[in-house]
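Below: the structure, in structure tokens.
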Amino acid sequence: MSTSAPSHNQLDTKAEAWSALFSEPMSDLVKRYTSSVFFDKRMWQADIQGSLAHAEMLSAQKIIGADDFASIQKGMAQITSEIEAGSFEWKLDLEDVHLNIEARLTALVGDAGKRLHTGRSRNDQVATDVRLWLRGEIDLIEGLLKELQLSLVEVAAKNVDVILPGFTHLQVAQPVSFGHHMLAYVEMFKRDAERMLDVRKRVNVLPLGSAALAGTTYPLDRERVAKTLGMEGVSQNSLDGVSDRDFAIEFTAAASLCMVHVSRLSEELIIWMSQNFGFIKIADRFTTGSSIMPQKKNPDVPELARGKTGRVVGHLMGLITLMKGQPLAYNKDNQEDKEPLFDTV
Ligand code: ARG
């Protein structure tokens with residue numbers, strides 16, 4: 001951490017943002033342990049989007065000047081191009097994506113950058129960012145699930161007359177159309193997509209305005225920010241707004257079910273292509289071989305998909321356990337929501 005005198009225009013380190021209670025800088029070990037920037041920087045677009053919506057509202061409410069808002073817009077445009085060009089310097093000293101972007105903004109545009117944080121805390125900021133980021137990912141997943149269903153319908157249509165044994169207890173039971181078998185998975189993925197859309201409704205709610213935990217006396221227009229961000233509403237309780245990550249848990253639960261379906265399909269592909277069954281061939285480009293056992297063709301891709309299911313289900317357990325012991329309101333524990341959530345996506 002820099003020991004030089006704090007510059008007036010720029011927040012160089014976190015300690016400068018704190019009170020006179022602190023007589024020494026944070027230890028390097030604690031700094032590394034508590035920082036999240038090297039994984040939460042992936043939410044940078046959501047962070048900027050949320051900040052711009054907040055600043056627009058502050059200016060409309062005359063809490064900051066229109067000139068401040070214009071400066072913030074200009075600064076954020078510059079930061080966007082720096083991050084996109086890979087020239088933005090992410091600093092561990094500045095802990096997380098939020099402080100990194102805000103410090104850079106203040107370096108670029110001066111006091112207007114500091115005024116951005118009026119009526120806001122990192123606690124409601126991070127809750128907002130995670131929601132915005134996750135909403136975007138859900139929309140991408142939704143699209144992928146549609147494509148997957150269409151592909152399966154195509155395979156089904158081509159194989160209506162192909163008969164394979166249907167199984168119960170993995171014992172040959174009755175003949176079924178391969179098309180019928182594929183359509184079973186279409187149903188599963190359709191429900192998965194419905195679950196994602198349902199979770200999206202509860203993700204797409206604005207916690208901004210909760211501030212640190214107890215709201216703020218600034219006359220914020222939360223509905224306006226929600227509207228700007230395309231969110232369905234505002235959170236009703238500030239303590240809840242900054243602290244609960246149930247939306248992330250719910251998403252991970254829906255993702256776990258989806259992965260269970262991916263895993264079942266993968267398991268069938270693996271069984272069907274084994275010599276003992278010999279129902280299907282998987283194209284060479286999707287398989288691997290062995291030099292000492294040349295008779296083998298290995299279904300590594302579905303095996304990995306089956307294996308990754310364990311990771312996602314594990315993240316569900318991780319996130320739900322993360323939440324269970326936390327008193328209201330925000331606790332640093334919640335910083336641990338990100339890596340499992342990102343990895344699940
Ligand atoms: N990096 C923190 C997180 O991910 C941001 C919120 C920090 N708030 C605080 N009061 N320390 O949760």
Side-chain angles (χ1 to χ4, degrees), residues 1 11-19 21-22 25-51 54 79 83 88 90-106 114 116-137 203 205-216 235 238-249 251-252 315 318-345:
M1 178 170 290
L11 187 67
D12 286 325
T13 64
K14 275 187 297 164
E16 291 165 17
W18 297 342
S19 72
L21 277 182
F22 293 83
M26 186 188 274
S27 105
D28 277 332
L29 181 64
V30 172
K31 212 188 293 173
R32 285 202 311 276
Y33 189 63
T34 57
S35 81
S36 54
V37 64
F38 292 112
F39 53 84
D40 67 19
K41 67 181 178 187
R42 96 163 56 191
M43 304 191 302
W44 68 270
Q45 275 168 313
D47 192 69
I48 291 177
Q49 194 190 1
S51 286
H54 180 67
I79 291 171
I83 297 175
F88 188 91
W90 297 101
K91 293 182 185 154
L92 183 83
D93 267 359
L94 289 165
E95 188 181 319
D96 56 24
V97 61
H98 324 291
L99 290 181
N100 266 270
I101 290 179
E102 201 182 305
R104 180 68 185 139
L105 180 70
T106 303
K114 292 184 187 168
L116 165 64
H117 211 52
T118 312
R120 184 175 81 167
S121 152
R122 259 190 306 151
N123 295 352
D124 56 350
Q125 186 179 358
V126 68
T128 302
D129 290 5
V130 177
R131 286 169 180 273
L132 280 175
W133 177 84
L134 185 56
R135 181 184 73 183
E137 298 300 321
V203 169
V205 172
L206 183 78
L208 214 58
S210 305
L213 76 164
T216 169
S235 61
S238 61
L239 299 165
D240 174 52
V242 290
S243 67
D244 208 339
R245 298 292 183 264
D246 58 354
F247 66 92
I249 297 170
F251 167 78
T252 309
H315 292 325
L319 282 174
I320 206 163
T321 310
L322 175 70
M323 207 69 246
K324 75 172 273 295
Q326 288 192 48
L328 291 174
Y330 175 85
N331 301 281
K332 184 74 166 180
D333 310 40
N334 277 342
Q335 184 167 290
E336 287 290 313
D337 65 352
K338 287 171 203 64
E339 288 159 293
L341 185 61
F342 296 164
D343 192 53
T344 297
V345 164

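Whatever order the structure lists them in is the order used to number ligands and atoms, beginning at 1. Since we're looking at a predicted model, the values are computed, not measured.
- Y330 OH, 3.5 Å is the protein heavy atom nearest to atom 6 (C) of ligand 1.
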Test log, rule side chain to side chain donor-acceptor pair (under 3.5 Å), inputs Q335 and D96: CA-CA 10 Å; Q335 184 167 290; D96 56 24; over 6 Å; no

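- Here is the list of ligand 1 atoms found below 4.0 Å of a heavy atom in S36: 1 (N).
- At least one heavy atom of K338 sits less than 4.0 Å from an atom of ligand 1.
- Without hydrogens or angle criteria, H98 side chain to S121 main chain gives no donor-acceptor distance under 3.5 Å.
- For the pair E95 and R122, the salt-bridge criterion is met [side-chain N within less than 4.0 Å of a carboxylate O].
- Close approach to D96 involves these atoms of ligand 1, each under 4.0 Å from a residue heavy atom: 1 (N), 2 (C), 5 (C).
- The closest side-chain heavy-atom distance from L341 to E137 is not below 4.5 Å.
- Counting only heavy atoms of the protein, atom 2 (C) of ligand 1 lies nearest to Q335 OE1, 3.3 Å.
- The single protein non-hydrogen atom nearest to atom 11 (N) of ligand 1 is R122 NH2, 3.7 Å, given as residue, atom name and distance.
- Considering only non-hydrogen protein atoms, atom 9 (C) of ligand 1 sits nearest to N123 OD1, 3.3 Å.
- A heavy-atom distance below 4.5 Å is found between the side chains of I249 and M323.
- Checking only distances, H98 never comes within under 3.5 Å of ligand 1, N or O to N or O.
- The backbone N or O of A211 sits less than 3.5 Å from a side-chain atom of D124, completing a donor-acceptor pair.
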